[in-house]
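Below is one structure, written out as structure tokens; the observations come after it.
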There are 2 protein chains.
Amino acid sequence: MSDTQNPPGGAEGGGRSARKRRAILDAAREVFLRGGYLGTNMDEIAALSGVSKQTVYKHFGSKESLFVEIVTGMTSGAGDTVHERLPEPAEDDDLAEYLRDYAYRQLTVVLTPDLMRLRRLVIGEVARFPELARVLHENGPARAMRAMAGLFERLAGNGRLDVADPATAASHFNWLVMAEPVNRAMLLGDEAVPPPEELRRHAEEGVRVFLAAYGRGSGRPAE
Amino acid sequence: MSDTQNPPGGAEGGGRSARKRRAILDAAREVFLRGGYLGTNMDEIAALSGVSKQTVYKHFGSKESLFVEIVTGMTSGAGDTVHERLPEPAEDDDLAEYLRDYAYRQLTVVLTPDLMRLRRLVIGEVARFPELARVLHENGPARAMRAMAGLFERLAGNGRLDVADPATAASHFNWLVMAEPVNRAMLLGDEAVPPPEELRRHAEEGVRVFLAAYGRGSGRPAE
DNA sequence: CAAGTACGGTACTGGACAGTCTAGTTTTGT
DNA sequence: ACAAAACTAGACTGTCCAGTACCGTACTTG
């Protein structure tokens, strides 16, 4: 209809087939995130992507395949954006400041509406698609906590943290920061996500508690 | 068929109608928890409860009503078992011990398989039934944290804790203890729930961190 | 430009399922 | 004992939906 005049390279690259494929994926993500697996029908996906149902089934063999592709794509993609580009803290950086920034960044990514909807979707389908939940756990919390555990271990080696069990410390740090807002958003909807400045305060409080337990005596500066 | 010989009082009390009603509720809980809202059909509920479909619709007007009744019943019921019967710690009690016990009890209740399945179910249906999620949040984490905040406030008044903001302290305590195992069980299934002794260790570690941040200088005993 | 492939539109199949209807049976209250 | 109320079994309606078939058309490629 609207892009009949874009023979080879419209706005996005790739051949016609590849373009259709992307359109289907985009539409399917939207529709699945809105309605869940059972609450979604393939006609709606076809209509929203401006493609015939036949084409949908040519590209993805079944509703189930399409669903799995959408979800795995989103989970692994989201995990990549958080890690892979957090600089190690320099020797003379303020450690508390570094941890606050890290916490805040993590919060803003995970609380993205689409990621919250993905999380709800996957959790609701644990019984039907246990593999997807496993992948989400691996690419989400498990991955983040492994990265943090490595960092804490190095910082303990430097003498900048007092951490005997890096994995436990990483879990404590992660959930001190993430648990409250994630749980709220999970149950109360995306409108329950606090505004940025409140998230920053929340991150600060979490870091304060973490450093009180794992800092080198400087956790509570006063007194 | 089998209970034709129990005229008035079979095993459970109540008239025939009340007994049927309970049977329907039990069956519906099982089936909804297993298959989710859309994944459940009313014929299965009728069959499992040993009752005709007509009777199901006499007692509960629709699939939706039945679902709402099941879920609200479970959420409020579960909240009650945790609170309402935690004794205040006595003056000469060991506070750390008291908090460990409290944390461990909370863990064992929340990690019950049925409660985990309920949580997944409700989260997966947030878009369709936002009210249910609100109720679960209110009767679950919110209620627990309010109770804890009250306790911490009193302990701060006693000089046994160093808590300026009881609500934040309660959130930190709650999630230090609950977040990791609950999140694991949520995504990895009920088999990922750690055995009791590991839960106890986990509760201990959470309490240790909490007291390091909020205790009266005695958080980290060494040094 | 011709042959082959991908796509659109649409109708169709087969099955599932919420909720209703009917007619006969059991239970209960009085 | 008897009438009202509750229950049973199963057929039935209307609807929705995954996946397929068919055929004409647009695009791609040699």
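Just so we're on the same page: letters track the sequence lines, and every chain starts at 1.
Lys53(B) contributes a side-chain N or O that forms a donor-acceptor pair with the base of dG19(C) under 3.5 Å.
Checked against dG19(D), dA9(D), dA18(C), the side chain of Asp43(B) finds its nearest nucleotide in dA18(C). Side chain of Lys63(A), nearest nucleotide from dT8(D), dG19(D), dC7(C): dG19(D).
The side-chain heavy atoms of Glu153(B) and Val163(B), taken from C-beta on, include no pair separated by under 4.5 Å.
Distance CZ (Arg21(A)) to P (dA6(C)): 13 Å, rounded to an integer number of Å. Atom CD1 of Ile24(B) is separated from atom P of dA6(D) by 13 Å (rounded to the nearest Å). Spacing between atom CG of Asn41(A) and atom C1' of dC17(D) amounts to 7 Å, rounded to whole angstrom units. In this structure, Ile45(B) atom CD1 and dT8(D) atom C1' are separated by 18 Å, rounded to whole Å. Taking atom CD of residue Gln54(B) and atom P of nucleotide dG19(C), one finds them 12 Å apart after rounding to whole Å. In this structure, the OH atom of Tyr57(B) is 19 Å from the P atom of dA6(D), given to the nearest Å. If you measure from atom CG of Leu38(B) to atom C1' of dA18(D), you get 15 Å, rounded to the nearest angstrom. Atom pair Arg19(B):CZ and dT8(D):P shows a separation of 11 Å (rounding to whole Å applied).
The side chain of His59(A) contributes an N or O atom lying less than 4.0 Å from OP1 or OP2 of dC7(C). OP1 or OP2 of dT8(D) has at least one side-chain nitrogen or oxygen of Thr55(B) nearer than 4.0 Å. In this model, the phosphate group of dT8(D) is approached by a side-chain N or O of Lys20(B) to a distance below 4.0 Å at OP1 or OP2.
Although no hydrogens or angles enter the test, the distance criterion places no donor-acceptor pair under 3.5 Å between the side chain of Lys20(B) and the main chain of Ser49(B). Using modelled atom types, no side-chain atom of Arg184(A) and backbone atom of Val193(A) make a donor-acceptor pair closer than 3.5 Å. At least one donor-acceptor pair under 3.5 Å links the side chain of Asn139(B) to the backbone N or O of Val135(B).
No contact: Gly61(B) has no heavy atom under 4.0 Å from any strand.
With Val71(A) as reference, Leu132(A) is the one residue of Leu132(A), Leu33(A), Leu66(A) to meet the side-chain contact (heavy atoms from CB on, under 4.5 Å) rule.
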